[in-house]
2 protein chains.
Amino acid sequence: MAAVSTRDQIVEIADDLFYRGGFEATSFADIAAGVGISRGNFYYYFKTKDEILDAVIDRRIARTRGMLDGWETEAPEPRERIVAFIELLIANRAPIMAYGCPVGTLCAELAKLDHVHQERAADIFGLFAHWLEKQFRALGAEEAAREWALHVLAWSQGVASLATVFKDEAFIRREVADITGWLDRQIVSLSQ
Amino acid sequence: MAAVSTRDQIVEIADDLFYRGGFEATSFADIAAGVGISRGNFYYYFKTKDEILDAVIDRRIARTRGMLDGWETEAPEPRERIVAFIELLIANRAPIMAYGCPVGTLCAELAKLDHVHQERAADIFGLFAHWLEKQFRALGAEEAAREWALHVLAWSQGVASLATVFKDEAFIRREVADITGWLDRQIVSLSQ
DNA sequence: GATTGATTTGGACAATTGTCCTAATTGTGG
DNA sequence: CCACAATTAGGACAATTGTCCAAATCAATC
């Protein structure tokens, strides 16, 4: 088993702390304490806070890619792949109700901070959007694929937002069923 | 014309700065500079940062109530009232693309900060939810009114989120048309 | 015009922030 | 075992944070 490098540990902890507490509210000291190293050692790997954010976004992009690739190998049908994405809301319902969607909340915060890495974070959304578009195209939706992809993406973002506000698990399950129903209606409409 | 009190000015500026920059990232100094008063004078009106947040939430609740009441007097039909809510996305598209939805982003931030006023901010959402439910009930939707209200709320939140990320005005208009279409289909289904 | 209360000022305060540096400690190859 | 590079530790730093206070100024009343 490969030993986890200190750098990777820092990025992993920072990723988690940024998600649960927000980027701005998480300090160097918080991350160093989480990893169990001194702030000086920390500086050896990352000179500025933006560099950590950059590494965290890299990690999230890589993990998102891995997840999307995994669905493409595991689920043979595009419909099941899209359903797997939608059901992320159920699988992650506990952290979502507590902290929201990791991607959406990061993008929202960086937009307010007018941060340089704003667009890099938006690329994670771009990954989802492009992947969903690909699945809809595989289903036979030609010109509508992009719009449907953004529609599913927006819908799930909205569900995550309200889930955080109202902490209502039944609401999540109801909306997930609704999105799945919408998806099946679109599929039916394609074969007509 | 009634002179605007210093206190009201502080709350107004704080409201705007919290929206555009976030609660955590906005400092006492920022607000004082925005109003044009000294930090000491600031303290005369608000002892802690949480007190300002409390006042800002009060203001937002009052303004939301005013807006909802206005729609009820101006628009005679429930459908037009709901459409007025949906079209907030278009009316406020510029600030939404820059800073997101004021209510959604505040709730998301307070959730991460695990802030005491988290639930007070969620009450603003409660206002919208209850008002939408009332409109759907007036349309004749009995048991589904609550679910439809949350559905419209979640949908518009999702559109706001993606609008901030992709800065795509055409997307906003397309989704607003979609929600309106959905609304009309629900209305038709009620009369059958 | 004097008195009194409301308002405003500028700065003190301890704590925390991101950043940076030097010295000590590791581990590795010769 | 030694030399050298990689890594770690601990603290210095200037700036900023939220909080708080004493003194100055304003406005209204008698």
Side-chain angles (χ1 to χ4, degrees), chain A residues 1-58 106 109-110 112-118 120-121, chain B residues 1-58 106 109-110 112-118 120-121:
Chain A
M1 57 187 221
V4 180
S5 72
T6 305
R7 206 198 112 99
D8 288 345
Q9 276 190 71
I10 293 175
V11 178
E12 184 184 337
I13 298 286
D15 191 342
D16 186 52
L17 291 178
F18 286 174
Y19 173 44
R20 300 203 334 255
F23 170 70
E24 178 89 355
T26 301
S27 69
F28 275 46
D30 292 333
I31 303 172
V35 181
I37 59 173
S38 66
R39 274 159 298 129
N41 190 9
F42 194 98
Y43 182 74
Y44 178 73
Y45 292 99
F46 299 99
K47 304 300 177 195
T48 68
K49 207 180 177 186
D50 288 358
E51 279 185 30
I52 313 172
L53 176 61
D54 205 40
V56 166
I57 294 176
D58 279 342
L106 179 66
E109 183 177 4
L110 296 186
K112 281 194 199 286
L113 297 177
D114 202 18
H115 198 282
V116 258
H117 290 341
Q118 198 178 339
R120 292 220 49 211
Chain B
M1 57 187 220
V4 180
S5 72
T6 305
R7 205 198 113 100
D8 289 345
Q9 276 190 71
I10 293 175
V11 177
E12 184 185 336
I13 297 286
D15 190 341
D16 185 52
L17 290 178
F18 286 175
Y19 173 44
R20 300 206 330 259
F23 169 70
E24 178 89 354
T26 301
S27 70
F28 275 46
D30 293 332
I31 304 172
V35 181
I37 59 173
S38 67
R39 275 157 294 132
N41 190 7
F42 194 98
Y43 181 74
Y44 177 73
Y45 293 98
F46 299 98
K47 303 301 176 194
T48 68
K49 207 180 176 184
D50 288 357
E51 280 185 29
I52 314 173
L53 177 60
D54 205 41
V56 166
I57 294 176
D58 279 341
L106 178 67
E109 183 178 3
L110 296 185
K112 281 194 199 288
L113 297 176
D114 202 17
H115 199 281
V116 259
H117 289 340
Q118 200 178 339
R120 291 220 48 209

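So that the names make sense, note that chain A is the first sequence line, chain B the second, and so on, each numbered from 1.
- The heavy-atom pair separating B:Ala121 from B:Leu106 by the smallest distance is CB-CD2, 4.1 Å.
- Dashed line: the shortest gap from a side-chain N or O of A:Thr6 to OP1 or OP2 of D:dT7 is not under 4.0 Å.
- As a whole-Å value, the separation of A:Ile10 CD1 from D:dT7 C1' is 11 Å.
- Between the CG atom in A:Asp15 and the OG1 atom in A:Thr26 there is a gap of 10.5 Å [rounded to 0.5 Å].
- Panel note: side chain B:Glu109, backbone B:Gly22; no donor-acceptor pair is recorded below 3.5 Å.
- Distance A:Tyr43 OH to D:dA9 C1': 15 Å, rounded to the nearest Å.
- Between B:Ile52 and B:Ala14 the shortest heavy-atom distance is CG2-CB, 3.7 Å.
- For the contact set between residues 20-32 of chain B and DNA chain C, defined by any heavy atom under 4.0 Å, there are no members.
- Out of D:dC21, C:dT19, D:dT8, the shortest distance to the side chain of A:Tyr45 is found at D:dT8.
- Side chain of B:Asp30 to backbone of B:Ser27: a donor-acceptor contact under 3.5 angstrom is found.
- Using the six-membered ring where Trp is involved, A:Phe42 and A:Phe28 have ring planes that are tilted, between 30° and 60° apart.
- With hydrogens and angles left out, the side-chain atoms of B:Ser5 and B:Asp8 include a donor and acceptor closer than 3.5 Å.
- B:Phe46 places its CZ atom 13 Å from the P atom of C:dT7, with the value rounded to the nearest Å.
- Within a 6.0 Å sphere centred on CZ of B:Arg39, other residues, nucleotides and ligands contribute 12 heavy atoms or fewer.
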Look for any protein N or O under 3.5 Å of an N or O in nucleotides 9-11 of chain C and output each such pair with its distance, or none.
unit_1	atom_1	unit_2	atom_2	d
C:dT9	OP2	B:Ser38	N	3.2
C:dT9	OP2	B:Ser38	OG	3.4

